[in-house]
Each structure stands twice: as C-alpha cells, then as structure tokens.
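Down below is the structure, laid out as structure tokens.
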2 protein chains.
Amino acid sequence: MNNQQTPTIQDVARLAGVSTGTVSRVLNQRPGVHPETRARVLEVVQRLGYVPMQAARELTGKGDTVGILLAPGVRRYIPYFVLLFEHLSEALWQAGLRLEETPTDPAGLPLKPAKGYILLGAHDHDPRLEALAQARTPHVLVGVYPGAFWVAPDDEGGAYAATRHLLELGHREIAHLTGQPQHQAGRERLRGYRRALEAYQVPYRPELVLDGDFSTLTAYRVVRKAWEGGLRFSALFAASDEMAVGALAALEDVGQRVPQDVSLVGYDDLPEVGEQLTTVRQDIAEIARTTARLLKEALAGAAPHGIRVPVRLVVRGTTCLKEVEG
Amino acid sequence: MNNQQTPTIQDVARLAGVSTGTVSRVLNQRPGVHPETRARVLEVVQRLGYVPMQAARELTGKGDTVGILLAPGVRRYIPYFVLLFEHLSEALWQAGLRLEETPTDPAGLPLKPAKGYILLGAHDHDPRLEALAQARTPHVLVGVYPGAFWVAPDDEGGAYAATRHLLELGHREIAHLTGQPQHQAGRERLRGYRRALEAYQVPYRPELVLDGDFSTLTAYRVVRKAWEGGLRFSALFAASDEMAVGALAALEDVGQRVPQDVSLVGYDDLPEVGEQLTTVRQDIAEIARTTARLLKEALAGAAPHGIRVPVRLVVRGTTCLKEVEG
DNA sequence: CAACTTTCTGTAATCGCTTACAAAAGCTGG
DNA sequence: CCAGCTTTTGTAAGCGATTACAGAAAGTTG
C-alpha cells in the first residue's frame, strides 16, 4: 500500500518488527529501549532514508515555532542578513524548531506570537528587548546584550587579526573604512583596529579612519574622495566585504594597484562578494547553529548567557608585503 | 478548557454554532455553504483572530510542497529576489502550497524532490528547463518562456512608459543605463526605451546607451565616466532603482542637480531603495500571487501558458520639465 | 521455583484540520 | 401534504507523529 511514498514511522516500525512507539522512542533518544532493538530500528531508518515529518510532530505539541525579528530600519537586502537568515532557518529546523513567518507591527513587535524569537540588528536600547523581557518570552539576540541570551561573532578579535596581518606585512599607514557607529559590529571592528595599532605601537591617526556605512557605493565615494584629497595609505582595512569591493574599485580608479600599491582586507567572507579578497571569515553557519542552541536553552528556561563565535583571517590575493621604497 | 490558547477550528465552530466541517469549508472557499452561515463563521474567525495551523492542514495531505529554484550564478542578495522570495512564500502559503527549502546540486537541480517548482532567473537555454520538462515536473518560470508556464512583468511596456514620460517632459537627449544583456529584463527594458524613442521620432543614439549590470557601483562608475568623458544628456532612464541610486550619486559628484539639470527615472520601485525616485513600479506581490496561481494550475495538469503582469509609472521627485535654454 | 522487580515494548488516545459520506433541511409540483 | 429533488450541515475517519499507560519479558531473590 505504501508504494513509492516517502516512508512514515509506520513503515519503519513494520520493517523493524517493532511498534511505532518504540521507533519514536529511538528517534527521540528516550531511555528504556534495548540496545539491540535500537540498533535494528536505526538500521531501517537509515536504509529507508526515513525523516520524521515535521508537521506531524508539531501537531503533538513537540515542535516549538519560533520567529525571526529584524530590527525596524534594517535593510533586509543586506547580504549578511540574507545569509544569516538562510542558515538560521536550516539550523532551527535541525534543532527541531520550526521557523514561522512573523508579521510585525510598525514598532517591530510580532503580531502572531511564537514560542520564542531571534532578534537581528537590535539597537542597544531597543524597546522591544524590554517588551520581550517583560513578557518573559524566550529570545536570543545576535549581538552583545549582557543580561539576555546572545550570540556574537568576535568582531573585535577579527578586526585585530586583520589589522595585525597588515602590520606584520610591514604596513604602517593603515586606513580603516568603518561601518555606521550605531552598529555594534562597526564599533567593535574599529576597536579591534585601534587595539592592534596600539599593540604594535603605531600611532592612531584619526584622519585615516574613513566613515562608511557598510554600503559599496559609499565606500567607493569615500575612498576615492579621500585619496583625491591627498590622503595616502599603503593598506586599507574595510569593515565589510561589500565596502572592500567599493574600495577596490575606487583604488583602481585613482590608479592604485591592489595589492602592489595598496593592500586591502575585507570582513565577512561572503560568498559571491569579492571572491579574491583577503578577509575575515565569519562562520555564519556556526553563528546560526549556536543561536538555535541558545534558543532551545532559552525555551527550556535556562539562565541567560552569551556566546562569542570565533572568526578567522583568510589570506588571499589582496594583501602583500609593503614594498620598501627606493 | 481552551483558555488562553490560540484558538482552533473547534473554538470557531462552537462559537459560530456550526460544525468544524462547515468552518473548514468556509475557510477553504468550498461551495455549498449558506451565505449567512459563511458570514457568521467569518465573523467569528475575525473576532478570534483565528488562523488555521499549517502543520495540521499539511498533515491531511493538503499542503503540496513546492520549491523555489534560483538559477546558479544569480546573486540571491539582489533586493528584487529577496522581495520576490518573501512575497512568494506568502502567496504560496495563501494558495495552500508549502514552500520547502530545496538544497540543490551543483547543476542547480533539486536534491529533494518537491511536487512543483518555481524557477527564478533562468536563462533562455537553461538545461534545467529541459530536465524538468522531461520529468513532467510541474513548474512555473518567472520570465518569458513560451511553451512553459511563465509569469513576467511587462518590462517592455514599463520601459516604454518611463521613456515616454521623459519625452513628454520635453527631453530629447535621453540616456539609458542597461542591465546585463543576458538578463531578459534588461533586454526588454532596452527594447521599450527604443520603441518609445521611435514613437516620438527621436533618433536612437547608441552612445547614449550605457552598459550597466544592475549594480549600484557599476552604475555610478559608468555614469560618472561617461559624463566626464563629455557625454551629455538631459535625462537618464536606469533599468533598475539600484542603478538609479548609483547614477544619482554620480550626477551629484559631477555637479549636476537632479532633476533640474538631469531628470532620472528608475525601475522596480523597491522599498528602501531610492525613496524619492520617479520609477516604474513592479507589483511584486501580484507577480507572486500570479505565480502561485499558475503553479496550482500546473499541479492540476493544465496546459502551459504565460501571463504578463502590468506595471505602473510612479512619478516622484527626480523628473521635471526640461528647462528651455536661455 | 514462586514472587517480585525491573526493563522493555505495544496499545491507543491525542494534536488540528480536511473531506467522503450520511443526514437533515428546504424546495418543487402535483 | 408528500414524493423526489437540491442545498446545506454534521459525523467521523484519517493524516504522522508522541506519550501515558498497561502488558510482556527478563532478571533477582529467598
């Protein structure tokens, strides 16, 4: 009767010669199943390629539905968020959580309550944090928010590593293209940049800090204008790959070769953005998995805490040793 | 017993004094329900803010799962696709279709088969079309593909309207910033531009066609370089809002005011991109709904056909009458 | 080996919704 | 007023999982 269909728990039970209850217990790693039985069931599961149907388990009240809340004003086109979103939906599913569309009111609060939330791009004094905390709704923030559950990449560390890389290549005039100061990530990366300079006893020169906004176009204009205005540097650390792409074009247009004349480091390592860039890789998949894990903890009522996800410098073709003059 | 819980179909039935079957029929717009009863049920649904639980309806076998396939090489960060994606997931849900994550192999073919597919950004001779047609898998394409189910905005008409708008404002030197020629949309918009010029008997000047690639940065560079190279025009029609944003910045940087010196028209009318732009609005929600509808037809085995979704010129602040010289 | 425990497994109710089928109600004309 | 329709509504059986609860099997003990 069950020809060609995707297998159900019934099929597994039948083939393994046990009841559906037992299969379910095996699948959910519940105790009280004989090891041999367990093995047999798992073997059949494997063979059939059986995957429990999410809808059904949700019906039993198992599958908690969660929502993702993007801060109002945050442009959801930003590659980083698009990717994070994708990985989150994958990670949540893996964790047995179901991601739901969450329409929000103008204040950014969800109209349809879910069991828990993930907040992206929250500002430090986001009123929604207050509201969620008041309502004791489990939530996890991506970013640093002491007192709540949070997950954040080690932005300062990444920026430090990027800058140090340039320093070790012999560069001393290192410019930094920032993100908006209202974004935590932008601030932290600036901090990492300064800390690295300090560690190498290179004086901090404010004029080398160029104000960007994470957009490619602005990066281009700022860098070009600065260079045409006479600012010189042998290396540039951009706070995002997108900005690095803009900077790269600008440098090219003012006649500088990368990396021979100016070394360039980006940040994020987004696929399809600046393929050959030396950059700092954020493991977005890892951030997503960690977020999902914390959300489960939050749903289980654990005490809030935060986790830093490490980042890694990836050296590619846009940086090189500073050429010693003459 | 059902205190504080999200309401179920049972609650609705009880309060409306009917059976769950009837409520279900109302909700699914099935015939054979007395108008009065229908109204009463809807009233209760409204009052309770009842929303059917997707998991449950999926369990009944209702929810055909469908997948969205993005052509390989298409950058999914593109605002247009992000938006289309969102609207599609909404529209599919409304149509009772369940959108599934569809991991694909390197060739862009789905690994986990769904009942039907929506293809975005397909090229004209995409091998996947062949494969899907062979396998008789129902699918709908966004774009024009005679012989298959397709939905496409009226790009040529939109471009025509945009260009005509500029012509009627008295402009005669109208430049056009194109998308890549391998994109249907880019080609069609160029065609609309040419057709409008023809209709107004303005000679077509190839040098006024600037090669863009739908990106903001390239738009900026191309426009700036062209202007600095001596090219002059009193109006510019960009084939996307993102390119218009780049063009706007470029014009500003070469000392031209918009719209006093140069009128500018974009395309797409994406929220959060170039708010004040005169542009051509694509009704993405409508495209999504139409796509969902066609997919249902395809699933039902209907004969393939295509639908054009109309677009609309939205006049805002970046266009004005051409000033007649002193 | 009887009498208990303890471990393991099966049974069946349940979640919220859809839908085939049956039943009831509303018409119609003679 | 009733047979014979048609329209409207209710009933109940699933869909695929989970999980109390009960029952069977295996292990312990005196």
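Every chain is numbered from 1, with letters handed out A, B, ... down the list of sequences.
Ionic pairing of A:Glu43 and A:Arg40 is not present here: no N-O contact between side-chain nitrogen and carboxylate oxygen is shorter than 4.0 angstrom.
Applying the 4.0 Å criterion to OP1 and OP2 of D:dT18, one finds that A:Ser24 has a side-chain N or O inside that range.
Each of B:Asp241, B:Asp154, B:Asp268, B:Asp269 was compared with B:Arg281 under the salt bridge (charged side-chain N to carboxylate O under 4.0 Å, His left out) criterion, and only B:Asp269 meets it. Under the side chain to side chain contact (heavy atoms under 4.5 Å, CB included) test applied with B:Tyr117, the options B:Val66, B:Ile68, B:Thr137, B:Val140 reduce to a single match, B:Thr137.
Atom CE in A:Met53 sits about 18 Å away from atom P in C:dC15, given to the nearest Å. Rounded to an integer number of Å, the gap from A:Glu36 CD to C:dT7 P is 17 Å. Between the C1' atom of C:dG16 and the CD1 atom of B:Ile9 lies a distance of 8 Å, rounded to the nearest Å. Between the CZ atom of B:Arg57 and the P atom of D:dG16 there is a distance of 17 Å, given to the nearest Å. C:dC15 atom C1' lies 4 Å from atom CG of A:Leu59, rounded to whole Å. The nearest whole Å value for the distance from the CG atom in A:Asp11 to the C1' atom in D:dC15 is 13 Å. When rounded to the nearest whole Å, the span between CZ of A:Arg14 and P of D:dA17 equals 13 Å. Separating the CD atom of B:Gln10 from the P atom of C:dT14 is a distance of 12 Å, rounded to the nearest angstrom.
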Quick one: which protein N/O atoms are closer than 3.5 Å to N/O atoms of nucleotides 7-10 of chain D? Pair and distance per line, please.
| from | atom 1 | to | atom 2 | distance (Å) |
| --- | --- | --- | --- | --- |
| D:dT9 | OP1 | B:Thr37 | OG1 | 2.3 |
| D:dT9 | OP2 | B:His34 | N | 2.9 |
| D:dG10 | OP2 | B:Ser19 | N | 2.7 |
| D:dG10 | OP2 | B:Ser19 | OG | 3.1 |
| D:dG10 | OP2 | B:Thr22 | OG1 | 3.0 |
| D:dG10 | N7 | B:Arg25 | NH2 | 3.0 |
| D:dG10 | O6 | B:Arg25 | NH1 | 3.2 |

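Inspection of the A:Glu286 and A:His87 side chains reveals no N or O donor paired with an N or O acceptor under 3.5 Å.
Ring centroids of B:Phe149 and B:His139 are separated by 6.0 Å or more, keeping the two rings apart.
Closest to the side chain of A:Tyr50, from the set C:dG16, D:dA17, C:dT19, is D:dA17.
Between A:Pro271 and A:Leu83 the shortest heavy-atom distance is CD-CD1, 3.7 Å.
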